[in-house]
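In what follows, a single structure is set out as structure tokens and then discussed.
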Amino acid sequence: MRPFYVTTPIYYVNDKPHIGHAYSTVAADVLARYAKLRGRPTRFLTGTDEHGQKIEQRAKELGKEPQAFVDEMSPPFAQAFRELGCDFDDYIRTTEPRHEAKVQELWKILAEKGDIYLGEYEGWYSVADEAFITETELKALDEVTRSKVQLVKEPSYFFKLSDYTDKLLAFYEQNPTFVQPEGRFNEVKAFVKEGLRDLSVSRTSFTWGIPVPGDDAHVMFVWFDALTNYMSALGGPAKAGEAALYDRFWPSAANGAEVVHIVGKDILRFHAVFWPAFLLAAGLQPPSQVFAHGWLTINGEKMSKRYGNFIPPGPLVEAFGADVVRYYLMREVGFGQDGDFAHKQVFARYHGELGNGLGNLLQRIVASILKNEFGGEVPAPNAIGDEERELVAVAEKAAAAAAQHLDLVGPHRALDAIFELVAAANRYVDRTAPWALAKAGDKERLATVCYHVLESLRWLSVMLAPFLPEKTRALREQLGLPPISPTEALDQWPKAGEFGGLPAGTKTAPGAPLFPRFDPKDEAAILEKLGANKPAEPATKAEKKSKEKKVDEKKPEATEAKAVAPTETKGAAKAEAPSTIVFDDFVKVDLRVGLILEAEAVPKSDKLVRCQIDLGEEKPRQILAGIRLHYAPEALVGKRVIVVANLAPRKMMGLESHGMILAASDTEHGLSVLRLEKDIAPGTRVS
RNA sequence: GGCGAUGUAGCUCAGAUGGCUAGAGCGGGCGUUUCAUACGCGCUAGGUCGCAGGUUCGAUUCCUGCCAUCGCCA
């Protein structure tokens, strides 16, 4: 069987783990567990990306050594993934010697082949993105990011990417599923077709990176470093016989291995263009496939630092259990598309599919009929009829379809197919009415019915194992079956003709419901605890967008208002304001206590003052206010003011403002900023 | 601006090389069962398949234009 090697991106340790990281990793875990179940030699890698200027700076801000900083930041990722039931085979950190050595080796190979040369680079470098950016991009940046863009002119090594335009296009041609989904592949091709420029692959402006071999003044471009993790974790590049894992799992003519990189759509280019180019240059085989999944929004809102709505997986796991979170992530969103993580939907899927569908199926047969009529022992089936044939047909079809979808990296479709069997089994129970058979004393027929339901459950326990490792274990335990132990070269996926593998005489062990129902109170409590109690949610994408648009359209008017600045409103904003508003409307305006940390006059403007205001968020916000004529900037520092925190961002004098300071004015007194009499903590909601 | 894509039931999405009554899940409504986690099962939802033209015996499915949305253009 073809070896299978699946990877997640390595996560940049500047962030803490959130649901986005979890999403990639769970997807990879599902694919790995599936491959293992099918008996394929399988390896699943995840890890952390720990070099780069951003890390260096962050560590410095915290007064730490970079290594100490990343040593602190990396383990929570591994921890979070384990809590989610992710069973990775290796966890690589780019600061490990095993990685650094291999990255340097790859570099040397490219240098020796003449694909790396020393030149000079001049351009805008964004620390936040760890990449040089274009003028266009520069203009589009928000202020926080732009403040970290530098015009850099420095000696730099370049990779001769320009030589690989045609080679990459030819490679894409030969590998028509190299990038998935297809739409993304088209973008990649379009990008390459425009012609590639050489790629700067080293920096001299900071030191937190892997040194360029033979030139200590340079450290490697983080992406060169990071991408190589997929190979270094296997011990490659290496000569045949030097690294067993590499020989086995990195694709070559000899092993026929399949490598799938799961990535977010934002980092597709690095994986679909640069990485294969490096490998082609080194004479190595590129990965088999790069699968770009979409973004998750949270209850309809974009995740971002600004909104502070990154949700860590921990509390979700605590509330729902790892399997339920995994299930939701894999079920709700079409893999490859953007999707929404909506807490309410989690309950809906939990109750509707897992509880009522699957859990109840187990309960209604094992804990009652079987226990009462057969002493909990699996009976041997007797003559079967159309109902049984139909059920078996559905089971076989579901198994085949689910396998096919998983082979093509479509976990949501696989689950869809699998749950066809759940529905069919429930239907089967209704039609055959085992309770009536019991009453009538028809044990023979009853045995057949019970057997078919139990065998269906057994199939489900296998097919759902990649998604619900814990719950399927519990399910099997109740069925009296041992946990599945994946075995290389043994394909354990259920197949046509195999219905009936459950041995008669198996002692079942009825237990607690697999997916106990949350009563509405618990539900509310959980939502409350997770901070997911949104008053009103935007009804549809379209509606939401049009609402946001209205806000934009209103911007010009907003300028007339005293204080300045605009907003990140999500929705709200009625076209015409009624004379009175309900409370719900009021709370749409997010008023917060802000502590002015810095204030300075905006050059070339006689009104604007640029403030950095602490709103209790991770970072202070930049807010512009037209109050210079009334306040000296330095006099504002340390003042507590009222800020509209959910106003859409707006640019003024080339600077972006992320909120608005409230003030009032009249002709007699001039302008007065609203201030607090007491030292209420920054970020406190005003109501 | 260039390139690409999308626009189908309240929601999330399938689908048709053009042709009988356009589908699924969820939600809603109605009914029903009682083995089971107030669970299950059955029925139901009258959606101009974005808008306007064109090709055709016939288009929601092909073509053109328009509108809207989205993605990519280091």
Side-chain angles (χ1 to χ4, degrees), chain A residues 123-126 129 131-138 161-162 179 181-200 223 265-266 268-270 272-274 292 294-295 300 331-334 336-340 342 344-345 347-373 412-413 415-417 419-420 422-439 446 449-450 453 510-520 537-546 548-549:
Chain A
W124 296 98
Y125 186 77
S126 163
D129 299 333
F132 281 94
I133 61 171
T134 60
E135 292 281 331
T136 331
E137 282 179 311
L138 180 67
L161 187 61
S162 58
V179 175
E182 214 179 315
R184 296 280 159 207
F185 202 4
N186 290 337
E187 288 172 8
V188 168
K189 287 177 191 163
F191 172 75
V192 174
K193 271 183 195 150
E194 301 217 335
L196 298 168
R197 296 204 297 266
D198 288 350
L199 182 71
S200 170
W223 277 104
K265 62 183 183 180
D266 55 322
L268 178 59
R269 172 173 311 151
F270 299 102
V273 180
F274 300 167
W295 287 129
R331 182 74 187 85
E332 177 76 8
V333 183
Q337 294 175 286
D338 289 346
D340 187 39
K344 267 176 70 179
Q345 275 297 103
F347 285 109
R349 296 234 178 243
Y350 178 85
H351 285 136
E353 295 164 2
L354 294 174
N356 301 348
L358 177 62
N360 186 47
L361 176 64
L362 173 72
Q363 209 67 12
R364 70 193 298 203
I365 200 83
V366 171
S368 62
I369 307 255
L370 192 75
K371 190 170 152 198
N372 299 335
E373 302 298 321
H412 62 295
R413 287 178 190 263
L415 282 170
D416 204 31
F419 271 75
E420 288 290 324
V422 174
N426 271 316
R427 227 177 295 135
Y428 173 77
V429 173
D430 268 64
R431 279 188 202 156
T432 54
W435 53 92
L437 295 171
K439 204 168 282 177
L446 188 58
V449 168
C450 285
V453 178
L514 239 37
F515 303 98
R517 185 157 259 284
F518 291 98
D519 71 40
E537 42 194 281
T540 71
K541 268 189 205 164
E543 192 180 329
K544 211 175 78 197
K545 299 230 166 87
S546 78
E548 277 171 3
K549 200 147 181 232

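Per chain, numbering begins at 1; letters A, B, ... match sequence-line order.
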- Please state how far atom CD in A:Q345 lies from atom P in B:C13, giving the value in whole angstrom units. 11 Å
- Query: On a whole-Å scale, what distance lies between the C1' atoms belonging to B:U60 and B:G50?
  - Reply: 11 Å
- Query: Nearest to the side chain of A:S368, which nucleotide is it out of B:C35, B:C41, B:A74?
  - Reply: B:C35
- Message: What's the gap between B:C63 and B:U17 when it is taken at their C1' atoms, as a whole Å value?
- Response: 16 Å
- Quantified in whole Å, what is the P atom distance between nucleotide B:G23 and nucleotide B:G47? 14 Å
- Message: Using the P atom as the point on both nucleotides, what is the distance between B:U21 and B:A68, in whole Å?
- Response: 35 Å
- Query: Is any side-chain N or O of A:R184 closer than 4.0 Å to OP1 or OP2 of B:G4?
  - Reply: no
- Sorted by position of nearest nucleotide on RNA chain B, 5' first, the leading residue of A:R364 and A:R517 is A:R364
- Any sub-3.5 Å donor-acceptor pair from A:D338's side-chain atoms to A:G294's backbone N or O? no
- Given atom CZ of A:R413 and atom C1' of B:G15, what is their separation to the nearest angstrom? 11 Å
- Nucleotide nearest A:N360 (side chain, heavy atoms from C-beta), chosen from B:G40, B:C73, B:U33: B:G40
- Using the P atom as the reference point in each nucleotide, state the distance between B:C43 and B:C3 in Å, no decimals. 50 Å
- Message: Rounded at 0.5 Å granularity, tell me how far CG in A:N360 sits from CG in A:L354.
- Response: 12.5 Å
- Query: Touch check for A:L199, heavy atoms < 4.0 angstrom, all strands: base, sugar-phosphate only, or nothing?
  - Reply: nothing
- Would you mind classifying the nucleic acid contact of A:G183 as base, sugar-phosphate or nothing, using non-hydrogen atoms under 4.0 angstrom? nothing
- Message: Using a 4.0 Å heavy-atom cut-off, does A:F515 contact any base of the nucleic acid, only the sugar-phosphate backbone, or nothing at all?
- Response: base
- Item | Flag, side chain of A:N372 to backbone of A:S368, donor-acceptor distance under 3.5 Å | yes
- May I have the distance from A:D519 (atom CG) to B:C39 (atom P), rounded to whole angstrom? 12 Å
- Are A:N356 and A:R517 close enough that some pair of their side-chain heavy atoms sits under 4.5 Å apart? yes
- Whole Å only: how far is the NE2 atom of A:H412 from the C1' atom of B:C13? 9 Å
- Taking the P atom of each, how far is B:G1 from B:G65, in whole Å? 15 Å
- Message: Need to verify one output field. Residue with the more 5' nearest nucleotide on RNA chain B, A:E353 or A:F191?
- Response: A:E353
Atom pairs under 3.5 Å: protein N/O with N/O of nucleotides 27-32 of chain B:
none

- Item | Euclidean distance, atom CG of residue A:D430 to atom C1' of B:C35 [Å, nearest integer] | 9 Å
- Task: Would you mind classifying the nucleic acid contact of A:G294 as base, sugar-phosphate or nothing, using non-hydrogen atoms under 4.0 angstrom?
- Result: nothing
- Given B:U33, B:A74, B:C72, the nucleotide with the shortest approach to the side chain of A:E187: B:C72
- Look at the side-chain N and O atoms of A:N356 and state whether any lies under 4.0 Å from the OP1 or OP2 oxygen of B:U37. no
- Between A:N426 (CG) and B:A36 (C1'), how many Å, whole number? 9 Å
- Query: Contact class for A:I365 vs. all strands (heavy atom < 4.0 Å): base, sugar-phosphate, or nothing?
  - Reply: nothing
- Integer-rounded Å distance: B:U12 P and A:D338 CG: 13 Å
- Query: Between B:A52 and B:A59, how far is it from one P atom to the other, in whole Å?
  - Reply: 14 Å
- Item | Integer angstrom distance from the C1' of B:G58 to that of B:C20 | 13 Å
- Base, sugar-phosphate, or nothing: which does A:P513 touch, judged by heavy atoms less than 4.0 Å apart? base
- Note on the structure: From the candidates B:C73, B:A14, B:U37, the one with an atom nearest any side-chain atom of A:R269 is B:C73
- Message: For A:H351 and A:F347, take the angle between the two ring planes, folded into 0 to 90°, and tell me which bin it lands in: parallel under 30, tilted 30 to 60, perpendicular over 60.
- Response: parallel
- Task: Consider the side chain of A:I369, meaning its heavy atoms from C-beta on, and name the nucleotide among B:A74, B:C73, B:C35 that approaches it most closely.
- Result: B:C35
- Query: Which pairs count as salt bridge (charged side-chain N to carboxylate O under 4.0 Å, His left out) when at least one residue sits in residues 356-369 of chain A, sequence neighbours excluded?
  - Reply: A:R364-A:D430
- Item | Atom-to-atom span, CG of A:D416 to P of B:C26 - whole angstrom | 10 Å
- Query: When you look for runs of 3 or more Watson-Crick or G-U pairs in a row, both distances below 3.5 Å, which of them include RNA chain B?
  - Reply: B:1-7 with B:67-73, B:10-13 with B:23-26, B:28-32 with B:40-44, B:50-54 with B:62-66
